[in-house]
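Sequential numbering from 1 along the given sequence is applied to the chain's residues. Computed from a predicted structure; not experimentally measured.
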Amino acid sequence: MDIKERIRRSPPPTPQQAEAAPAHPRGGRKGRVAAALPLSVAALVACGVLLLLLAGGGSAARRGGRFLDADPGSLAGDDGRGDLHHARPRDGRHGTTVSSKDHRDKLIGGLLAPGFDEQSCLSRYRSALYRKESSHLLSTYLLEKLRKHEVLQKKCGPHTESYNKAIEQLKSGQNTEVGDCNYLVWVSYSGLGNRILTITSAFLYAILTNRVLLVDGDKGTADLFCEPFPETSWLLPVDFPINQFKNFSIGSRESYGNMVKHEDIRSDGSFKGPKPTFIYLHLAHDYGDYDKLFFCEHSQQHLQRIPWLILRSDNYFVPSLFLIPAYQEELMRLFPQKDAVFHHLGRYLFHPTNVVWGLITRYYDSYLARADERLGIQIRVFDSETGPFQHVLDQVLSCALKENLLPDVNAQQPIVSTRDVRLKAVLITSLNSGYYERIRNMYWEHPAANGEIISFHQPSHAEHQDSDKKMHNMKAWAEIYLLSLSDVMVTSAWSTFGYVAQGLSGLKTWLMFKPENRTVPNPPCRQVTSMEPCFHAPPFYDCKARRGTDTGKLVPHVRHCEDMSWGLKLVDTDEW
């Protein structure tokens with residue numbers, strides 16, 4: 001029987017049974033003595049028995065309310081790795097999980113709003129059963145803003161009176177002055193990781209500018225994510241009148257950059273002709289210098305006068321929002337811990353649909369729940385060939401062994417593990433199955449030097465990315481979420497897939513540097529200074545001085561990324 005089967009077939013816990021006193025016949029000496037007990041003593045005994053029964057019944061009820069026995073236990077103390085998910089305590093030699101906390105904070109400290117139909121989105125309130133409580137504190141100001149924004153989304157959302165009025169104005173091109181209901185439309189574009197990061201960026205921008213966020217339902221958005229706002233929908237209705245919005249690109253005349261370039265918008269913010277009913281924001285990786293003026297304060301003043309903005313991006317552009325003077329004070333109040341922006345907004349926005357939640361929970365409870373520690377390894381290779389590549393395998397092992405994330409193997413003598421040893425589950429996500437198979441075989445053929453039992457799991461291996469297929473995206477989202485439930489994580493440079501898992505987890509992962517010339521980098525990895533995603537294509541422009549500058553040196557909390565020297569990411573300045 002292999003390691004995986006040993007873990008899965010661990011016997012269930014032995015139920016604790018109350019000790020029952022032996023019954024005596026009514027006749028005989030003992031029966032007569034018992035009958036002679038004073039009434040008050042008998043009453044006390046009866047009360048004691050009743051209390052025991054009540055306590056046992058309450059305990060059983062609490063156990064019955066636990067979701068799939070996957071409630072993470074209380075923290076067991078720091079093991080020297082920093083901010084980790086601690087393993088749940090184990091019940092003796094049987095290796096089964098127990099919990100000292102049956103009911104967790106399903107609203108995540110007030111981040112989530114109550115009142116949703118729980119059955120329509122099981123993950124919203126049950127994710128707390130699988131994830132440890134975040135150590136990254138929420139600001140009360142952020143919670144207040146989220147509640148206010150929910151009111152705005154409900155008031156102005158699809159098919160409301162306000163929305164219908166705004167649509168009629170958009171169609172007519174008249175009376176386009178901003179009012180109480182202004183909109184930001186997000187266009188579905190690029191791979192799943194990029195989409196999650198750009199929705200988050202768009203949502204933060206919507207909060208800052210008091211706009212309703214509507215997301216394009218293309219590429220199965222509704223199949224992946226539950227509705228985040230109560231009593232309304234964030235999905236853009238299919239009858240949205242600007243039919244060509246999905247085809248907008250860098251060359252579109254409707255883009256803000258082209259309007260500035262052709263002086264349709266003058267420097268004072270006035271328009272050459274009639275004020276447009278909407279403006280397209282092209283913030284994708286191929287955007288030009290005029291598009292990048294979006295991040296200048298004077299451009300924000302221009303855009304405030306437009307009721308409809310349509311956004312297309314594949315970038316996490318949040319770091320550059322922190323460089324716009326008009327938003328800096330507000331952002332500081334929303335996020336006093338600057339490197340937790342995606343951590344908080346991602347957990348607020350992205351709840352797997354019931355179908356995806358089933359993929360997540362079935363896999364977790366089958367393969368990961370019983371482990372003392374869960375190590376996530378995300379392998380992304382940016383190469384035209386399929387692999388597997390020896391240098392990538394060497395880099396993964398070098399990182400894991402050097403940082404003591406995996407034990408070395410003992411190739412000299414066999415070690416027979418006992419059932420009391422520590423169990424470590426390793427979740428590997430990769431488009432290729434070769435890395436998983438070779439690492440798994442290494443620990444199957446040789447025992448771990450420290451005696452641990454190591455099990456390896458890879459949910460899928462699609463061989464190539466196919467972002468247009470519904471099931472491919474569902475499995476990708478499930479794997480991102482499973483990675484985010486790890487206690488320790490290794491991720492790949494430049495990968496938005498890894499960024500999302502890292503941000504949701506709240507971990508500072510071990511980042512594997514991008515190899516050059518198929519050579520293992522030295523060092524192979526390092527722990528990131530911030531769990532924030534990297535903005536891969538930021539502008540290098542000083543809006544005040546109107547000249548190029550290094551935007552990674554303007555404020556202490558916006559720095560260059562570990563994996564991309566020209567990228568920008570948010571850091572918590574207390575760590576610098």
Side chain to side chain contact (heavy atoms under 4.5 Å, CB included) between Tyr481 and Phe350, worked out: CA-CA 10 Å; Tyr481 204 95; Phe350 302 111; over 6 Å; no

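- For the residue pair Thr509/Gln502, the side-chain donor-acceptor check at 3.5 Å is satisfied.
- Lys292 NZ to Phe295 CZ: the interatomic distance, rounded to the nearest 0.5 Å, is 9.5 Å.
- Looking at heavy atoms from C-beta onward, Arg526 lies out of side-chain contact with Met512 at the 4.5 angstrom threshold.
- Residues Ile242 and Phe245 are in side-chain contact: their nearest non-hydrogen atoms beyond the backbone lie under 4.5 Å apart.
- Between the side chains of Thr529 and Glu562, at least one donor N or O sits under 3.5 Å from an acceptor N or O.
- Checked by atom type and distance alone, the side chain of Thr198 never pairs as donor or acceptor with a backbone atom of Asn315 at under 3.5 Å.
- The shortest distance between side-chain heavy atoms of Phe116 and Tyr125 falls below 4.5 Å.
- Relative ring orientation between His343 and His136 is described as perpendicular, the plane-to-plane angle rising above 60° on a 0-90° scale split at 30° and 60°.
- You'll find the side chain of Leu570 stays beyond 4.5 Å of the side chain of Arg559, heavy atoms only.
- Ring geometry for Trp308 versus Tyr163: interplanar angle over 60°, hence perpendicular rather than tilted (30 to 60°).
- Ring pair Phe322/His557 is perpendicular by interplanar angle, where above 60° counts as perpendicular and below 30° as parallel.
- Contact check for Asn164 versus Ile167: no side-chain heavy atoms found under the 4.5 Å cut-off.
- Thr519 contributes a side-chain N or O that, together with a main-chain N or O of Asn517, makes up a donor-acceptor pair within less than 3.5 Å.
- Results of the ring-ring contact (aromatic ring centres under 6.0 Å, His included) test with Phe248 over Tyr280, Tyr256, Tyr189 single out Tyr280 as the only residue that passes.
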